[in-house]
4 protein chains.
Amino acid sequence: MRKPTKPADKSAQNARPASVARGEVPASNRATRAQERRAAIVDAAMEEFIARGFAATRLDDIAKRAGVAKGTIYLHFKDKESMFEELVRIVIVPVVARLTALPPPTGSVRDLIEAFAGNFLKEVIGTRRGDLVRLIVAEGPRFPAVADFYYREVVSRGIAAMRALIELGIARGEIREKDLARYPQILVAPAMIAVIWQSLFARHAPLDAQEMLRVHLDLIFGERRTT
Amino acid sequence: MRKPTKPADKSAQNARPASVARGEVPASNRATRAQERRAAIVDAAMEEFIARGFAATRLDDIAKRAGVAKGTIYLHFKDKESMFEELVRIVIVPVVARLTALPPPTGSVRDLIEAFAGNFLKEVIGTRRGDLVRLIVAEGPRFPAVADFYYREVVSRGIAAMRALIELGIARGEIREKDLARYPQILVAPAMIAVIWQSLFARHAPLDAQEMLRVHLDLIFGERRTT
Amino acid sequence: MRKPTKPADKSAQNARPASVARGEVPASNRATRAQERRAAIVDAAMEEFIARGFAATRLDDIAKRAGVAKGTIYLHFKDKESMFEELVRIVIVPVVARLTALPPPTGSVRDLIEAFAGNFLKEVIGTRRGDLVRLIVAEGPRFPAVADFYYREVVSRGIAAMRALIELGIARGEIREKDLARYPQILVAPAMIAVIWQSLFARHAPLDAQEMLRVHLDLIFGERRTT
Amino acid sequence: MRKPTKPADKSAQNARPASVARGEVPASNRATRAQERRAAIVDAAMEEFIARGFAATRLDDIAKRAGVAKGTIYLHFKDKESMFEELVRIVIVPVVARLTALPPPTGSVRDLIEAFAGNFLKEVIGTRRGDLVRLIVAEGPRFPAVADFYYREVVSRGIAAMRALIELGIARGEIREKDLARYPQILVAPAMIAVIWQSLFARHAPLDAQEMLRVHLDLIFGERRTT
DNA sequence: AATGAATGAGGTTTCATTCAT
DNA sequence: AATGAATGAAACCTCATTCAT
């Protein structure tokens with residue numbers, strides 16, 4: 001009844017890797033290839049969701065971009081919604097993991113926070129990960145699971161970490177404004193604004209996020225640092 | 001997609017009827033009813049777009065909520081996209097108008113900014129208008145016309161106004177951090193964060209936006225004010 | 001975004017009926033036309049479901065046969081399943097209505113039952129309605145709602161009516177086998193078999209259902225009637 | 001669709017291995033295991049087809065239930081359609097074989113028929129095999145090959161056998177109604193109805209099939225037997 | 001001006017079938 | 001012989017848009 005399915009010519013992908021010719025154990029067994037495909041789908045979905053938002057993204061496009069057939073997506077994800085939800089987890093978890101493996105707090109609090117801001121600048125602002133943050137802001141209300149996850153894993157931890165640093169800064173006399181510990185959001189607000197700005201207004205008015213964050217820290221630490 | 005904004009030709013229909021020009025008391029005549037319908041559609045569309053985002057909103061639902069037939073929407077708007085784009089204009093223009101009709105700057109700069117923050121708290125944070133901001137953040141990348149408009153009418157003006165205030169504050173010695181004038185975004189960042197927080201995380205951790213903004217101003221103006 | 005929809009040329013259907021030309025009140029207003037379409041869908045769905053069964057029937061084919069667009073079906077029915085369930089109701093209800101409006105029981109019980117059998121022969125066996133019975137047998141287990149409805153509206157009533165007739169026949173001495181009243185199914189079994197036979201085996205071995213039912217009645221009423 | 005039945009070429013694979021022909025005790029060798037798998041597939045498919053009908057049955061589910069991989073099914077059957085068609089054969093053939101190996105007709109015709117009915121009650125009504133009959137009624141119109149086969153192997157033989165018994169009964173004076181021999185369907189109709197009833201209406205109104213068949217025989221043989 | 005029935009392109013999802021391993 | 005990941009045609013269903021009334 002149904003027509004048979006002719007797999008597209010993927011001979012390039014199926015070619016044995018050179019390692020095999022060399023007699024090594026081939027790293028590319030079936031399970032590994034499946035993982036690669038899954039990763040390709042995740043990447044492609046990420047791009048598409050960021051570019052179009054959840055509802056306007058077509059699974060067809062994700063499949064095409066990932067180089068797999070539409071049906072293949074359903075071998076890895078239950079449906080579009082849970083793909084989106086898992087996606088956020090998949091992308092965010094390793095980032096959180098890296099950040100929680102923080103370097104030991106040596107030096108001044110300002111140094112610490114600057115290191116943090118530097119990381120954030122390099123790894124988030126103006127990158128795909130920054131776009132993901134905007135995506136979460138955009139879709140959060142319709143995906144409570146995503147908002148929950150993001151709050152639990154990123155926001156609440158981030159706030160707690162910032163609060164600890166602020167309290168340390170206050171204790172050491174680096175920070176004067178004692179109430180800041182009650183609203184660590186103030187500390188990160190300019191960074192978040194930078195993320196959003198780059199997505200929306202960069203071409204209207206480019207923003208030097210690094211310099212802005214420096215000024216913000218000057219404001220908090222009450223003095224200018226010579227860089 | 002990505003087409004430039006076409007001003008709706010239908011706006012000609014919005015011209016006041018001759019009876020109004022002649023100073024007569026307009027009864028509930030046809031033109032008035034049309035205006036009422038248009039307003040109902042705008043309100044309904046606003047609610048739906050905020051609740052579901054652009055792509056997931058159904059014209060059917062807008063029509064139902066507005067109490068009109070689906071076809072009626074097309075008497076007022078060319079299509080869904082331009083409805084969305086016009087909508088943002090329609091809702092934002094009066095807000096901007098009110099804000100630009102600012103009271104004469106009397107008193108300290110901090111007083112001015114606090115008055116401003118108070119307004120923002122009451123009129124934006126946690127309200128439908130706050131949700132609209134989040135909607136623009138969400139849909140901006142897919143609606144350059146909307147992002148453009150919002151940048152031009154709201155962001156650039158807001159930034160300019162803030163900068164003027166900051167410079168005044170610096171000149172008067174109220175603000176010490178001179179570089180702040182280069183990044184007025186820092187001044188508004190916590191307010192924006194408050195808007196987003198209320199949409200996404202209010203139920204996880206309620207945020208006292210008013211108090212946070214006060215602390216932020218303390219940070220900038222370098223002293224605690226007795227309220 | 002979406003392309004506009006060009007209605008297929010249905011000019012023949014849209015032509016005003018002759019009654020309008022004659023100045024009569026046009027019977028074909030919008031609501032009426034909707035009802036006609038609904039009826040066309042019901043007929044078409046009936047044909048397709050009977051020909052292919054529930055799962056193998058395509059809504060596309062129903063739409064094509066009914067001369068409407070696919071979407072139109074969804075103006076009348078929630079989905080394929082409820083269409084099927086409603087369909088059975090829609091087709092069966094008038095049949096039951098007609099049968100319950102029975103002629104007054106005059107004459108012998110055998111006459112009554114023969115009249116009944118004659119009706120059944122003409123109206124059910126070898127007709128679309130007979131096919132519907134087979135369809136219910138086929139899909140019943142997967143559509144409990146259908147089986148329930150059919151049992152409630154047709155089977156239990158039919159059994160009750162037959163039992164009453166049998167008891168009358170026993171009381172009048174027309175029927176000897178007293179236990180028959182406990183199993184009216186025996187009375188209708190050959191008629192049901194005829195229905196199924198016509199669907200499945202008619203081309204292998206045609207069955208003279210009328211004659212078979214006559215023999216069956218002879219068996220029950222214990223004598224041959226001269227026809 | 002509607003293509004004639006193609007005998008599966010794969011049946012060649014079913015030939016007993018040479019070892020068996022040589023009289024050796026076949027260990028759990030490859031051919032045997034293949035036969036076991038095939039049997040498992042047949043059983044599983046039977047269950048699924050009965051539970052869901054042909055179109056709604058998924059090969060995935062059959063494979064899962066049979067404990068084999070999906071691809072394995074295709075080592076035994078050409079495709080889903082021919083699997084279904086073969087299935088009916090595979091299940092029905094042994095039943096027919098047993099029935100045609102009837103005990104020599106000793107005793108009264110009524111005794112014979114009662115023995116028959118007893119068997120039918122035990123082996124068919126309310127069992128998986130009864131469900132198979134309903135399945136054939138359900139899918140017959142779409143699987144002419146199945147209907148043909150069923151008519152040829154079961155129905156026509158059954159009718160012939162019943163006719164022979166009826167004629168014997170008439171000759172011996174046990175059956176009065178001579179025309180019954182022309183419609184042996186009447187004899188089996190209640191049994192068929194019982195099969196269908198158990199599938200569809202058992203939970204609405206349980207039917208004592210055994211008693212019903214007894215009453216039916218009383219009707220035919222014109223007297224009550226003390227059991 | 002207003003209606004809402006009708007349309008059909010286009011989206012998501014399923015699943016029979018294939019084939020490299 | 002057996003596997004099961006991958007395929008993609010085809011199904012169901014939605015909904016922006018049109019247009020006769």
Side-chain angles (χ1 to χ4, degrees), chain A residues 1-8 10 14 16 26 28-31 33-34 37-38 55-61 63 68-76 78-81 83, chain B residues 13 30-31 33-34 37 55-63 68-76 78-81 83, chain C residues 1-8 10 14 26 29-31 33-34 37-38 55-61 63 68-81, chain D residues 13 30-31 33-34 37 55-63 68-76 78-81 83:
Chain A
M1 268 194 199
R2 299 215 188 161
K3 299 269 194 59
T5 286
K6 284 162 244 147
K10 299 241 170 75
N14 295 342
R16 299 288 184 79
S28 203
N29 55 18
R30 207 142 64 165
R33 286 258 310 288
R37 275 165 196 277
R38 187 188 167 88
T57 290
R58 294 182 299 252
L59 290 188
D60 237 349
D61 289 344
V68 302
K70 242 181 311 178
T72 305
I73 294 175
Y74 287 87
L75 299 176
H76 294 276
K78 186 176 141 287
D79 58 15
K80 197 186 173 187
E81 287 205 17
M83 172 160 63
Chain B
Q13 296 171 3
R30 207 187 285 185
R33 286 229 323 279
R37 277 167 195 276
T57 290
R58 290 180 303 239
L59 291 191
D60 240 342
D61 289 343
I62 293 176
V68 303
K70 232 186 319 179
T72 304
I73 293 175
Y74 286 85
L75 299 175
H76 293 275
K78 182 174 146 288
D79 58 16
K80 197 186 174 188
E81 286 199 27
M83 172 162 61
Chain C
M1 267 192 199
R2 299 212 189 163
K3 299 270 195 58
T5 287
K6 287 160 243 149
K10 300 242 169 75
N14 294 343
N29 54 19
R30 205 141 68 164
R33 286 257 308 288
R37 274 165 197 276
R38 187 187 167 90
T57 290
R58 292 183 301 252
L59 291 188
D60 239 349
D61 289 344
V68 302
K70 239 182 313 176
T72 305
I73 293 175
Y74 289 87
L75 299 176
H76 293 277
F77 301 97
K78 186 176 142 287
D79 58 15
K80 196 184 174 189
E81 286 203 17
Chain D
Q13 296 172 3
R30 209 187 285 187
R33 286 228 324 279
R37 277 166 195 278
T57 290
R58 290 179 304 240
L59 290 192
D60 239 342
D61 289 344
I62 293 176
V68 302
K70 232 186 319 177
T72 305
I73 293 175
Y74 286 86
L75 300 175
H76 293 276
K78 182 174 145 290
D79 60 15
K80 196 184 174 191
E81 286 199 29
M83 173 162 59

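Every chain is numbered from 1, with letters handed out A, B, ... down the list of sequences.
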Check your understanding: C/Gly71 or A/Ala55: which one's nearest nucleotide on DNA chain E is closer to the 5' end?
Key -> C/Gly71
Exercise for review: Quick one: list whatever passes salt bridge (charged side-chain N to carboxylate O under 4.0 Å, His left out) with A/Asp79, sequence neighbours left out.
Suggested key: none
Practice item. Tell me which nucleotide among F/dG8, F/dT3, E/dA2 gets nearest to the side chain of D/Thr72. Key: F/dT3
Study note, to complete from the structure: All heavy atoms of C/Leu59 vs all of C/Ile73, minimum pair found to be O-CD1, 3.7 Å
Practice item. Would you indicate whether the side-chain heavy atoms of C/Arg37 and C/Leu75 approach each other to under 4.5 Å? Key: no
Practice item. Give the dot-bracket string for DNA chain F, reading 5' to 3', where a pair is Watson-Crick or G-U wobble with both distances under 3.5 Å, ( ) marks pairs inside the strand, [ ] marks pairs crossing earlier ones, | marks a partner on another strand, and . marks unpaired. Key: .||||||||||||||||||||
Review point. Who passes side chain to side chain contact (heavy atoms under 4.5 Å, CB included) against D/Ala69, sequence neighbours left out?
Key: D/Thr72
Exercise for review: Return the nearest nucleotide to the side chain of D/Leu75; candidates are E/dA5, F/dT3, F/dC12.
Suggested key: F/dT3
Review point. What distance separates A/Arg58 CZ from A/Lys70 NZ, expressed to the nearest 0.5 Å?
Key: 11.0 Å
Practice item. Quick one: closest heavy-atom pair of A/Ala55 and B/Ala56, and the distance? Key: CB-N, 4.1 Å
Review point. Looking at residues at least two apart in the chain, or sitting in another chain, which of them share a salt bridge (charged side-chain N to carboxylate O under 4.0 Å, His left out) with C/Arg38?
Key: C/Glu86
Review point. OP1 or OP2 of F/dG8 less than 4.0 angstrom from a side-chain nitrogen or oxygen of A/Lys70, does that happen here?
Key: no
Check your understanding: Who are the salt bridge (charged side-chain N to carboxylate O under 4.0 Å, His left out) partners of B/Lys80, not counting sequence neighbours?
Key -> none
Check your understanding: Rounded to the Å, how far apart are D/Ile73 CD1 and F/dA2 P?
Key -> 12 Å
Check your understanding: Nearest to the side chain of A/Arg33 - E/dT21, E/dT3, F/dT7?
Key -> E/dT21
Check your understanding: Quick one: on DNA chain F, does D/Val68 or C/Tyr74 contact a more 5' nucleotide (nearest heavy atom)?
Key -> D/Val68
Point to revise | Rounded distance (Å) that lies between atom P of E/dT12 and atom CE of A/Met83 | key: 8 Å
Check your understanding: Contacts to DNA chain E from residues 56-63 of chain D, heavy-atom cutoff under 4.0 Å, which residues?
Key -> D/Thr57, D/Arg58, D/Leu59
**Study point:** DNA chain E: 5'-proximal contact among A/Asp79 and C/Ala34 (nearest heavy atom)
**Key:** C/Ala34
Practice item. Give a yes/no answer on whether the side chain of A/Arg37 brings an N or O atom under 4.0 Å of OP1 or OP2 in F/dA6. Key: yes
Practice item. Verify the contact: side-chain N or O of A/His76 to OP1 or OP2 of F/dA5, cut-off strictly under 4.0 Å; return yes or no. Key: no
